[in-house]
Each structure stands twice: as C-alpha cells, then as structure tokens.
Protein chains: 2
Amino acid sequence: MGILGRLSFKDQAFKLREQAVLDATTRMLASKGFDLMTMDDVAGEAGISKPSLYKHFKSKDELATEVMIRLLDDAQDFLARQAPELSPLARLRDLLAWALRVRLEGGLPFLPSTSPQVRAMLTRSLRYVSRAIKLHKMLQGIVEQAKRQGELQADMPTDVILYSYYSRTCDPAVEYLRVYGKYPDEDIVRHMLQVCFDGMSAGRRRADGES
Amino acid sequence: MGILGRLSFKDQAFKLREQAVLDATTRMLASKGFDLMTMDDVAGEAGISKPSLYKHFKSKDELATEVMIRLLDDAQDFLARQAPELSPLARLRDLLAWALRVRLEGGLPFLPSTSPQVRAMLTRSLRYVSRAIKLHKMLQGIVEQAKRQGELQADMPTDVILYSYYSRTCDPAVEYLRVYGKYPDEDIVRHMLQVCFDGMSAGRRRADGES
DNA sequence: AACACCTTTTACTGATCAGTAGAATTTTTT
DNA sequence: AAAAAATTCTACTGATCAGTAAAAGGTGTT
C-alpha cells in the first residue's frame, strides 16, 4: 500500500517546513531578541499559521532551544571540516571568524549571554547542554594544544581563555562597529580577531601561523 | 512660617527614598534583566508600594533610564577623580577595573548590550544620550593620547578600540568566570584586564606604565 | 488635639501574548 | 473526481504586567 513511502514523503515536506521555521526564528531572535519575539512573528515570517507552528514545536522555549542547538551543531560541523594541517591557533581564529560572519549575515550570537532567563531555559535542555559540553571539551583540547605549541599564553588559565573566546562571538562591539563605525563586514571580522588575540596594547607582533 | 525649611526637609527624605529605589532597580536589573523585572519587584525590593514608586518615576522605561544615567555619572566622576599623573593607558585600565568591580558587586553592566529594545529606550532619552556622548568623547581623547604615547596600537582605529573597550564592561566572560571558574573577584578583574589589553596570543610582554 | 500631607492597600483596567479549539478551506492521495 | 488529510482562519482562554484610582491609615506639623 505504499504506506512507508507516503509517510516518508510527508515527513520530508514536514522537515523542510521545520527548517524554514528554524530559519525564521533565527532571524527573529537576531533582530528582536527572545522576549520581544512573538509566536505570531515567527509564524508570519515562516509563512505558516500559529497553530501549524505548534505542530512543530510545542512551546516558544522549545523553539528557541532548537535554534540554539542547530547553531551548536553547525559550529561542531565547522570544526570537524577544518583542514587538519591548521595550527590550533589558526583553528580558533577560523572558527571565531565563522561565528562572526554568521552573526553579520543576520544569524545569531552563539552564546546566550543575552538574558538570565534565556540561559536558564537552555540549561534546562539536556540536548542543548550535552552539545555545549561536547563543543567546550573540543575547544578546551585545542586551546591546550595551542598553549603547548606556544601560540597562546601558557600562563593564562584555559577557562579564562575559553570564556573570553566565547564572549567574542556575542560581542556587542560587532554591532557598534557596523552601526556607528560603518565598517564593511570583513573589516569588522578582522578587527575583532585582532583585538581578541592581540589585545589593544602596543608593542606586539602577530605570530600568525608559526606552527 | 518655615515653608522653605519644611519643603527642603521633605525633599530630602524624598530624594533619599529615590536613591533607595534606584539602588533596588539596579539590583533587580542586574539579577533579572529589564524584561523580567516587574515594577512590583522593584517596589518590594525598595520597601515601598507600587503607587509610591510611580510618584518617583512615571514609567518603567524612565526608571531604568535613570539608573543607567546614574551609572554614567558615576563613571564620569571616577574619571574626574583619577590621579592626573596616570598615563592614558593606566587611566583606561583603572576605569575598566572599576566598572568590572561594580558589576561583580551586584551592579550593572555599563552598556545596554542586552537587548535591542533597551538600547532603543535609552537612545530615546536625551539626558542619557548626551551623557553617553560626553563620556565617549572623553575616552576618545584618552585613547588617542595613549596611541600617541605608544601605549595603544596606533594602527588600530580609535572607534574599534573604544567599542571593544565598552564591550568588556558587559562581557559575559565575567559571569562565566565567577559561576563556572569560581575565581575570586580580584582574579577575574586581573584576567579580564589582561585579555582586554594583551589578548590571548603568546609572545607578549606587558608595557604597564612606560609613559 | 486637629489638620494636612503622604503612603499604603486593594482592587481595578487594558494590553499583550502564549497556547488552543473547532470550523472552513486547501492540498494530496487514490 | 471524490475522499482523506493536513493546514489555515477566527476566535478564544488565561496569565502576566504596566499603570491607575480611591479609600484607609500613618506621620509629622502647628
């Protein structure tokens, strides 16, 4: 009777619509933030009705959480696809550049720095937390490698480096540079990377790819 | 008839209560953020009733704006009181350390990085904006001085430095270092300053007070 | 002690918004 | 083309919360 075929076909269409909803949510979260984003907004932006939206995600929290999970998965993918000959520092630079470009293209900040309730919401999701931990451990490994190879300051605790690194992905300086500084996107990425890795003080030379 | 005396006495009590309200709002904003903070919260925290609260501030927006204005005034005061023999870079370090300590003591992040609507609310307030501009110009002068004296990277645009500097005052790394890293406050301040001015990369020596 | 002023309490309005129910309509399948 | 499925539309519920009104209760002033 082709039941399996029919179901999988429906499922495919369903999944496509689901991705469209996630895309719409990403745009809305980036532009209005979680609190000001309404489910009517999302439904309108995705081109479906609110009741249909609830067929996909059973609450606003779940919807936002899934968006963040997809973002973490994308980051994980990016890391996995990096050229293996890159030095640890180059990998970190590369990932941060990717995250900043995602944001500049209307994507989301990576980290739920925004508000306490959003952070609480995410930490309630096991699926989110397990992915965050996995990514964290991966980056921890890279940072420690970079320290051993003399690319990062060895006397700076790894978690200090990592938390600062994460914070750069949601750094408000990005928006200020775009809105008030009127820099093109690539300049913004370049400057953010330089400030992140080299700081503001004078008297420094970039060590780039000295593997 | 002592009318002036009576009025000024009442006024004094009124102003005292007003400061208490601002303190309470600061705490609530720091803990729950603007959206989750209710006027009942603030009234309760300040120990007065909601209608009394509205005798002081005619809306939630105005209340939050006044808190931010007071914060900018405090920053301005801090700058004005700095020892004049400090080098420009030392002044910047000093001010950032102050801002971070304010936050660690339960104060507010300096910058409305939090949400688009909060930023919009603030930019609608002339009193806020004029203070922000004044502080910005002051810091701009200090940064340019520091660049001329070779303390900051001269080839980095001043606005890039400034926006990154502002962002450090509301950097979520602070909270991560406290909650997950369990560092004492002074270590957090020290690490934040080091990351801000020297970056993460290796091969750098601190130039501290080389005026 | 009487008065005037402020504050509190209680209770309300009106708006917004998450989430849902059920009828009408479109699309897909056969 | 008819049947079956999903989707959309309209309208609703219930909760939250900013902001307000008006009566009741304090507090200090004279």
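Note on naming: letters A, B, ... go to the chains in the order of the sequence lines (proteins, then strands), and numbering restarts at 1 for each one.
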Review point. Between C:dT8 and B:S52, is there an OP1 or OP2 to side-chain N/O distance shorter than 4.0 Å?
Key: yes
N/O donor-acceptor pairs under 3.5 Å from side chains in residues 61-71 of chain B, not counting sequence neighbours:
{"from": "B:E62", "atom 1": "OE1", "to": "B:K58", "atom 2": "NZ", "distance (Å)": "3.0"}
{"from": "B:T65", "atom 1": "OG1", "to": "B:D61", "atom 2": "O", "distance (Å)": "2.7"}
{"from": "B:E66", "atom 1": "OE1", "to": "B:R127", "atom 2": "NH1", "distance (Å)": "3.1"}
{"from": "B:E66", "atom 1": "OE2", "to": "B:R127", "atom 2": "NH1", "distance (Å)": "2.4"}
{"from": "B:R70", "atom 1": "NH1", "to": "B:Q19", "atom 2": "OE1", "distance (Å)": "2.8"}
{"from": "B:R70", "atom 1": "NH1", "to": "B:D23", "atom 2": "OD1", "distance (Å)": "3.1"}
{"from": "B:R70", "atom 1": "NH2", "to": "B:D23", "atom 2": "OD1", "distance (Å)": "2.8"}

Review point. Quick one: are A:D171 and A:V195 in side-chain contact, heavy atoms under 4.5 Å?
Key: no
**Study point:** Under the ring pair (Phe, Tyr, Trp, His ring centres under 6.0 Å) test, residues paired with A:F34 that sit two or more places apart
**Key:** none
Review point. From the list C:dT9, D:dC9, C:dT7, which nucleotide is the closest neighbour of the side chain of B:R17?
Key: C:dT7
Exercise for review: Identify, with sequence neighbours excluded, every residue that meets side chain to side chain contact (heavy atoms under 4.5 Å, CB included) alongside A:A43.
Suggested key: A:K50, A:L53
Hey, what are the protein-to-nucleotides 15-20 of chain C N/O distances that come in under 3.5 Å?
{"from": "C:dA18", "atom 1": "OP1", "to": "A:M37", "atom 2": "O", "distance (Å)": "3.3"}
{"from": "C:dA18", "atom 1": "OP1", "to": "A:K60", "atom 2": "NZ", "distance (Å)": "3.2"}
{"from": "C:dA18", "atom 1": "OP2", "to": "A:M39", "atom 2": "N", "distance (Å)": "3.0"}
{"from": "C:dG19", "atom 1": "OP2", "to": "A:Y54", "atom 2": "OH", "distance (Å)": "3.0"}
{"from": "C:dG19", "atom 1": "OP2", "to": "A:K60", "atom 2": "N", "distance (Å)": "2.7"}
{"from": "C:dG19", "atom 1": "O5'", "to": "A:Y54", "atom 2": "OH", "distance (Å)": "3.4"}
{"from": "C:dG19", "atom 1": "N7", "to": "A:K50", "atom 2": "NZ", "distance (Å)": "2.9"}
{"from": "C:dG19", "atom 1": "O6", "to": "A:K50", "atom 2": "NZ", "distance (Å)": "3.2"}

Check your understanding: Starting at NZ of B:K55 and ending at P of D:dG19, how long is that distance when rounded to a whole Å?
Key -> 15 Å
Point to revise | ring pair (Phe, Tyr, Trp, His ring centres under 6.0 Å) against A:Y165, all qualifying residues, sequence neighbours excluded | key: none
Point to revise | Distance in angstrom units between A:I48 CD1 and C:dT26 P, rounded | key: 18 Å
Practice item. Mind jotting down which residue pairs meet the ring-ring contact (aromatic ring centres under 6.0 Å, His included) criterion with at least one end in residues 57-80 of chain A? Sequence neighbours excluded, please. Key: A:F78-A:W98
**Study point:** salt bridge (charged side-chain N to carboxylate O under 4.0 Å, His left out) against B:K134, all qualifying residues, sequence neighbours excluded
**Key:** none
Practice item. Let me know the distance between CG of B:L16 and C1' of C:dT7, rounded to the nearest Å. Key: 16 Å
Point to revise | Difference in axis direction between the ends of the helix from C:dA1-D:dT30 to C:dT30-D:dA1, five pairs, 10° | key: 10°
Check your understanding: Quick one: salt bridge (charged side-chain N to carboxylate O under 4.0 Å, His left out) partners of A:R27, sequence neighbours excluded?
Key -> A:E45
